[in-house]
Number of protein chains: 2
Amino acid sequence: MLFLLSGPSGVGKGTVRKALFKRNPHELLYSISATTREARRNEVDGKDYFFVSKQKFEQMINEGQMLEYAQYVDQYYGTPKTWIDEQRQQGNDVFMEIEVNGAMQVRAKVPDAILIFLLPPDLMQLRNRLELRGTESDKVIDERLKTARQEILMMTNYDYAVVNDKVDKAVKKVQTIIGAERLKAKRLANSYIKILEG
Amino acid sequence: MLFLLSGPSGVGKGTVRKALFKRNPHELLYSISATTREARRNEVDGKDYFFVSKQKFEQMINEGQMLEYAQYVDQYYGTPKTWIDEQRQQGNDVFMEIEVNGAMQVRAKVPDAILIFLLPPDLMQLRNRLELRGTESDKVIDERLKTARQEILMMTNYDYAVVNDKVDKAVKKVQTIIGAERLKAKRLANSYIKILEG
């Protein structure tokens with residue numbers, strides 16, 4: 001299985017991902033991204049990122065070796081396909097942490113990927129938006145509602161949505177999703193059929 | 001949401017359901033079946049079953065008030081539709097424990113029902129079927145494989161499959177499924193849209 005954790009920038013995807021892997025290091029394999037930017041202090045090649053040259057990255061794009069990629073501030077970021085394919089063929093579950101655009105690229109190429117959308121907690125507070133009316137300017141409220149609409153629109157492209165109000169709670173919810181996906185009847189039926197057929 | 005726990009007869013559906021409700025009495029409402037058979041000692045009308053006359057039951061069938069029903073040994077068993085519809089309209093989650101045939105009737109009428117298949121643990125033991133070859137007769141092995149094939153075929157009509165090897169483990173898996181279904185993005189997006197639109 002291929003799990004994707006995504007969501008608006010600044011929502012805390014990295015924090016949730018790190019806490020998840022700290023809790024459950026052996027259940028999932030973390031998909032390491034490739035990038036053309038310089039390694040920062042403390043960043044390790046092959047652990048934090050695969051650090052590659054611009055030429056190498058563009059070659060990988062042209063050879064169809066990128067599951068998804070994007071360009072930010074003249075640098076490439078992307079997910080090499082080969083490693084993920086190999087892991088999945090061996091029956092391992094892979095976990096990616098990824099921007100929204102990248103997630104949509106993966107969805108298009110891997111229809112059975114499981115997409116989890118991490119939501120900012122302030123979307124929850126819209127429940128009280130009528131109460132906000134007295135305390136915030138109309139402009140602030142309109143901006144909030146506009147952002148909220150965009151986030152909800154994004155959310156509908158995902159399988160699951162998790163509010164990142166507290167990291168621990170969010171991690172537990174991601175674990176619940178992974179646990180339930182492992183109980184999907186079609187997946188289990190397929191593996192039983194393989195056993196029956198030897 | 002409407003959750004259905006089903007599976008081959010004798011697999012322990014009732015035990016798992018009772019243990020689930022003992023642990024989590026307030027999260028789910030249990031759908032009580034109607035029957036025309038006599039109440040047994042200790043059985044309470046409106047708690048264990050709704051005990052109704054044959055005439056009343058047939059009238060409910062004819063009026064389309066039964067979500068599903070079956071006849072065993074000249075007695076009717078079935079699920080009244082009205083109560084479930086009311087609970088779901090109020091936003092409550094309903095849980096049913098039901099035979100395989102009934103589950104397929106509900107799936108046809110309520111496409112968004114969540115169907116959980118409870119598996120007997122001996123299906124798991126098929127992993128070792130080659131090891132059985134020495135200890136069991138060919139006839140016994142063939143019977144086991146035939147039953148297993150039927151159960152796997154049933155399973156593919158369900159959303160999730162849970163092995164009932166230990167009641168506690170099975171209950172936890174059912175809770176995981178319920179938890180994950182509550183995190184489905186489409187469901188959450190719908191409720192956010194309602195909030196945004198007041």
Side-chain angles (χ1 to χ4, degrees), chain A residues 6-7 103 114-120 122-130 133 141 144-163 169-170 172-198, chain B residues 6-7 103 114-120 123-130 133 141-142 144-163 169-170 172-198:
Chain A
S6 184
I114 296 135
L115 274 66
I116 304 169
F117 191 73
L118 199 64
L119 279 167
D122 58 357
L123 190 56
M124 287 279 285
Q125 290 157 12
L126 286 169
R127 289 176 196 278
N128 309 318
R129 79 191 172 95
L130 292 175
R133 293 267 144 131
I141 291 168
R144 283 200 188 182
L145 289 178
K146 202 179 147 191
T147 308
R149 278 201 191 88
Q150 285 167 346
E151 284 166 354
I152 292 162
L153 209 63
M154 279 185 212
M155 201 201 305
T156 57
N157 292 316
Y158 286 72
D159 299 302
Y160 296 96
V162 167
V163 178
K169 278 173 71 182
K172 267 184 201 154
K173 284 177 181 171
V174 172
Q175 288 179 310
T176 297
I177 291 164
I178 294 166
E181 284 292 330
R182 288 182 170 148
L183 298 169
K184 280 285 169 82
K186 271 178 196 151
R187 246 182 281 271
L188 284 168
N190 282 340
S191 63
Y192 279 126
I193 287 164
K194 274 182 199 159
I195 293 163
L196 274 183
E197 290 171 354
Chain B
S6 186
I114 297 134
L115 274 67
I116 304 168
F117 191 73
L118 200 62
L119 281 168
L123 190 55
M124 287 276 284
Q125 290 157 12
L126 286 170
R127 290 178 196 276
N128 309 318
R129 81 190 171 93
L130 292 174
R133 293 265 146 135
I141 292 170
D142 284 352
R144 282 198 189 182
L145 289 178
K146 202 178 146 191
T147 308
R149 280 203 189 87
Q150 285 167 347
E151 284 165 354
I152 293 163
L153 208 65
M154 280 186 208
M155 202 201 303
T156 58
N157 293 315
Y158 286 70
D159 299 301
Y160 297 96
V162 167
V163 178
K169 277 173 70 182
K172 266 185 202 154
K173 285 177 180 171
V174 172
Q175 287 180 311
T176 297
I177 291 164
I178 293 167
E181 284 292 330
R182 287 182 171 148
L183 297 169
K184 280 283 168 86
K186 272 179 196 150
R187 245 183 281 270
L188 284 168
N190 282 340
S191 64
Y192 280 125
I193 287 164
K194 275 183 197 156
I195 293 162
L196 275 182
E197 290 171 353

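The structure presented is a predicted model; accordingly, all values stated were derived computationally and were not measured.
Atom CG in B:L188 sits 11.5 Å away from atom OH in A:Y160 (nearest 0.5 Å).
For A:Y158, the parts lying near chain B are the backbone and the side chain together; criterion is any non-hydrogen pair under 4.5 Å.
Residue-environment remark: NZ (B:K184) exceeds the threshold of 12 foreign heavy atoms within 6.0 Å.
Here the shortest heavy-atom pairing between B:I193 and A:I152 reads CG1-CG2, 3.8 Å. Here the closest heavy-atom approach between residue A:K186 and residue B:T156 is recorded as CE-O, 4.2 Å.
Residue with the most contacts toward chain A among B:K173, B:R182, B:E181: B:K173 (heavy-atom pairs, distance under 4.5 Å). Taking A:I177, A:L153, A:D159 one by one and counting their heavy-atom pairs under 4.5 Å with chain B, the maximum is reached by A:D159.
Two residues are said to be in side-chain contact when any heavy atoms from C-beta on lie closer than 4.5 Å; A:Y192 and B:M155 meet this criterion.
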